[in-house]
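A short worksheet on the structure shown next.
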Amino acid sequence: MELTVNLAQRSYPVFIDAQESFPQMLASRLAGRRFALVTNTTLADLYADLIAQWRAETGLQVYTIPDGEQFKTVATWQSVIDALLNNRCDRATVVIAFGGGVVGDIAGFAAACCLRGLDCIQVPTTLLAMVDSSVGGKTGVDHPRGKNLIGAFHQPRIVWIDTRYLTTLPAKEFNAGYAEIFKYGFIGGRDMFDFIEHNHTAILRHDRVIVGEAIRRSVAIKAAVVALDEFETSGQRALLNFGHTFGHALEKCFGFGGLLHGEAIWWGMACAIDLACRTDMISPSAQPLFERARTLLLRPSLPGSVDTSALYDAMFSDKKTMSGALRFVLPTEPGVSVVAASIDPTAVRQTLNAIFG
Ligand SMILES: NC(=O)c1ccc[n+]([C@@H]2O[C@H](COP(=O)([O-])OP(=O)(O)OC[C@H]3O[C@@H](n4cnc5c(N)ncnc54)[C@H](O)[C@@H]3O)[C@@H](O)[C@H]2O)c1
């Protein structure tokens, strides 16, 4: 299956469970190019045979970085650049990011900067990376002051999704990735809202066909949003942050690594639905549908109790806060959300107390 992210001369295909093999695709689309694969230690072990096979078929070089968000740093990014330059990369070298969102963001950012820009192929191996981070061109690393504060927009040349990688993904990571799929149910139209509701159990059962379809729909929704607002300037891309204003603040309160991003987003979505109901954003006729959606939300265990005042304060320091005003992406009807900028702070506090109190 093949989708396209439409960005004029930067358009690119997203392959999902393609018939041909990855080396066959490289040979047909990028003949004569050199390849440098970036992965992490966990995936290098788990997929040693596959990577060896790819290396034998394509001659790619392999560079392995440590595993973990704590290594999403300028130092790791520089080590990737060092490896590329030490191996005499040139403008024809294609960087292949083989991993989850951390590898994808670091390798994508290295590709964006090395020799003023190399082509990059994203090969996502987590559910989150398949439906979110591999598509859209955001690359970067963390700074001690916050996540993803250093980076660049650098669209991949190709995204290659193979759902077989999900068979080795820990359940906790799968559920975190599912948060981003569930999110598309609130912004991607009524059809996606209904799809999630009807297929929730099958997705949690890891039904491969249904998960593949959920990925296809999610990528199509993300691609459409990115095509409208590639550089996050017109506001449409902000819709992708459904549940994220609360979620980012929760991540911040528990520190990097305390809670997975997707786990925080599950809680963030619960808050967004509560706030929308509280502020009458949702019409009375649609409220029962949202009640049902709310019962489907996962509630991953939290590392400790939530200090709702600290959480409220953390929301104001989120980098997406505009001029001190909090912006929330809130649902109005099934599959439709809007960016709301003037929400009563009292209602926000009430939501935090209702969800975490
Ligand atoms: N660029 C974007 O648009 C964007 C969007 C959302 C998130 N992100 C970033 O993505 C990162 C989170 O990504 P993530 O959730 O994929 O986490 P991750 O990259 O840390 O991967 C999670 C864990 O799963 C392991 N793993 C990956 N694939 C596996 C597989 N197939 N089998 C077994 N283990 C596997 C990894 O080694 C890691 O330990 C964050 O840094 C976040 O900022 C970026």
Side-chain angles (χ1 to χ4, degrees), residues 5 38-48 50-51 64-73 76-77 97-112 120 122-143 146-156 159-181 183-184 206 211 215 218-219 222-223 225-226 229-232 237-238 240-244 247-248 251-252 256-257 259-266 268 300 318-320:
V5 182
V38 180
T39 191
N40 71 21
T41 44
T42 304
L43 289 154
D45 277 355
L46 275 172
Y47 290 96
L50 181 71
I51 293 171
T64 306
I65 59 177
D67 184 5
E69 181 76 33
Q70 69 273 32
F71 297 108
K72 193 174 151 184
T73 59
T76 308
W77 166 80
F98 181 72
V102 170
V103 169
D105 280 8
I106 297 171
F109 187 38
C120 180
Q122 292 283 346
V123 184
T125 61
T126 63
L127 186 55
L128 180 137
M130 290 176 189
V131 299
D132 192 1
S133 59
S134 64
V135 173
K138 282 190 181 179
T139 70
V141 295
D142 299 334
H143 182 274
K147 279 184 63 170
N148 302 321
L149 293 182
I150 304 166
F153 285 96
H154 186 62
Q155 297 296 342
V159 178
W160 180 265
I161 295 174
D162 187 334
T163 58
R164 283 174 299 182
Y165 304 141
L166 297 176
T167 55
T168 55
L169 190 68
K172 188 175 160 75
E173 296 289 349
F174 183 94
N175 288 345
Y178 180 31
E180 299 290 354
I181 294 178
K183 170 192 83 178
Y184 292 118
H206 300 196
V211 170
I215 292 170
S218 299
V219 170
K222 176 143 190 190
V225 173
V226 169
D229 187 14
E230 182 180 3
F231 298 110
E232 210 166 29
R237 201 159 170 160
L240 297 170
N241 289 326
F242 183 85
H244 284 56
H248 283 152
E251 278 183 282
K252 197 169 211 168
F256 286 172
L259 196 62
L260 295 178
H261 173 74
E263 292 179 316
I265 299 311
W266 280 113
D318 188 271
K319 75 178 190 296
K320 293 185 175 65

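Read the numbers this way: they start at 1 and go in the same order the structure lists the ligands and their atoms.
At a threshold of 4.5 Å between non-hydrogen side-chain atoms, the residues Lys138 and Glu232 count as touching. Side-chain contact between Asp142 and Leu149 is absent, with no heavy atoms from C-beta onward closer than 4.5 Å. Considering only heavy atoms from C-beta on, Pro300 stays 4.5 Å or farther from Asn175 through its side chain.
Salt bridge present: Glu263 and Lys172 bring a charged side-chain N and a carboxylate O closer than 4.0 Å.
Heavy atoms only, all atoms of each residue included: Leu43 and Gly100 are closest at CD1-N, 4.3 Å. Residues Ala152 and Thr139 share a closest heavy-atom pair of O-OG1, 2.8 Å.
Less than 4.0 angstrom separates atom 25 (C) of ligand 1 from none of the non-hydrogen atoms of the protein.
Regarding atom 35 (C) of ligand 1, its nearest protein heavy-atom neighbour is Leu169 CD1, 3.7 Å. Residue, atom and distance of the protein heavy atom nearest to atom 23 (C) of ligand 1 are Glu173 OE2, 3.5 Å. Looking from atom 27 (C) of ligand 1 to the surrounding protein, the closest heavy atom is Thr126 CG2, 3.2 Å. Closest to atom 34 (N) of ligand 1 among all protein heavy atoms lies Pro170 CD, 3.8 Å. Taking atom 7 (C) of ligand 1 as the reference point, the nearest protein heavy-atom neighbour is Leu128 CD2, 3.7 Å. Of the protein's non-hydrogen atoms, Val102 CG2, 3.4 Å is the one closest to atom 20 (O) of ligand 1.
Interatomic distance, CD of Gln70 versus CG of Asp67, reported as 8.0 Å (0.5 Å rounding). Note that the CD atom of Glu173 and the OG1 atom of Thr126 stand 7.0 Å from one another [nearest 0.5 Å]. The NZ atom of Lys222 lies 5.5 Å from the CG atom of Leu240; values are rounded to the nearest 0.5 Å. Atoms CD1 and NZ, from Ile106 and Lys72 in turn, are 7.0 Å apart once rounded to the nearest 0.5 Å. The distance from the CG atom of Asn40 to the OG1 atom of Thr125 is 7.5 Å, given to the nearest 0.5 Å.
Checked against the 6.0 Å centroid criterion, the rings of Phe109 and His154 do not qualify as a close aromatic pair.
Any N or O atom pair closer than 3.5 Å counts here, and Asp105 shares at least one such pair with ligand 1. For Gly101, a nitrogen or oxygen atom sits less than 3.5 Å from a nitrogen or oxygen atom of ligand 1, counting backbone and side chain alike. Ligand 1 has no nitrogen or oxygen under 3.5 angstrom from a nitrogen or oxygen of Val103.
If you number the atoms of ligand 1 from 1 as listed, the ones under 4.0 Å from a heavy atom of Tyr165 come out as 30 (C), 31 (N). For ligand 1, the atoms lying closer than 4.0 Å to a non-hydrogen atom of Lys72 are 9 (C), 40 (C), 41 (O), 42 (C), 43 (O). Within ligand 1, the atoms closer than 4.0 Å to a non-hydrogen atom of Asp132 are 5 (C), 6 (C), numbered from 1 in the order shown. Atoms of ligand 1 lying under 4.0 Å from at least one heavy atom of Asn40, given by number and element, are 36 (C), 37 (O). Ligand 1 places these atoms under 4.0 Å from at least one heavy atom of Asn148: 43 (O). Remark: ligand 1 atoms within the under-4.0 Å shell around heavy atoms of Asp67 are 36 (C), 37 (O), 38 (C), 39 (O). Of all the atoms in ligand 1, the ones that sit under 4.0 Å from a non-hydrogen atom of Glu69 are 40 (C), 41 (O).
Checking Thr168, Thr125, Ile106 against atom 33 (C) of ligand 1, the nearest heavy atom belongs to Thr168. Comparing heavy-atom distances from atom 8 (N) of ligand 1 across Gly136, Ser133, Ala179 singles out Ser133 as nearest.
Within the 4.0 Å heavy-atom criterion, both parts of Lys138, backbone and side chain, lie near ligand 1. In Leu46, the part holding a heavy atom less than 4.0 Å from any atom of ligand 1 is the side chain.
Aromatic ring pairs are classed by plane angle as parallel below 30°, tilted from 30° to 60° and perpendicular above 60°; the pair Tyr47 and Tyr165 is perpendicular.
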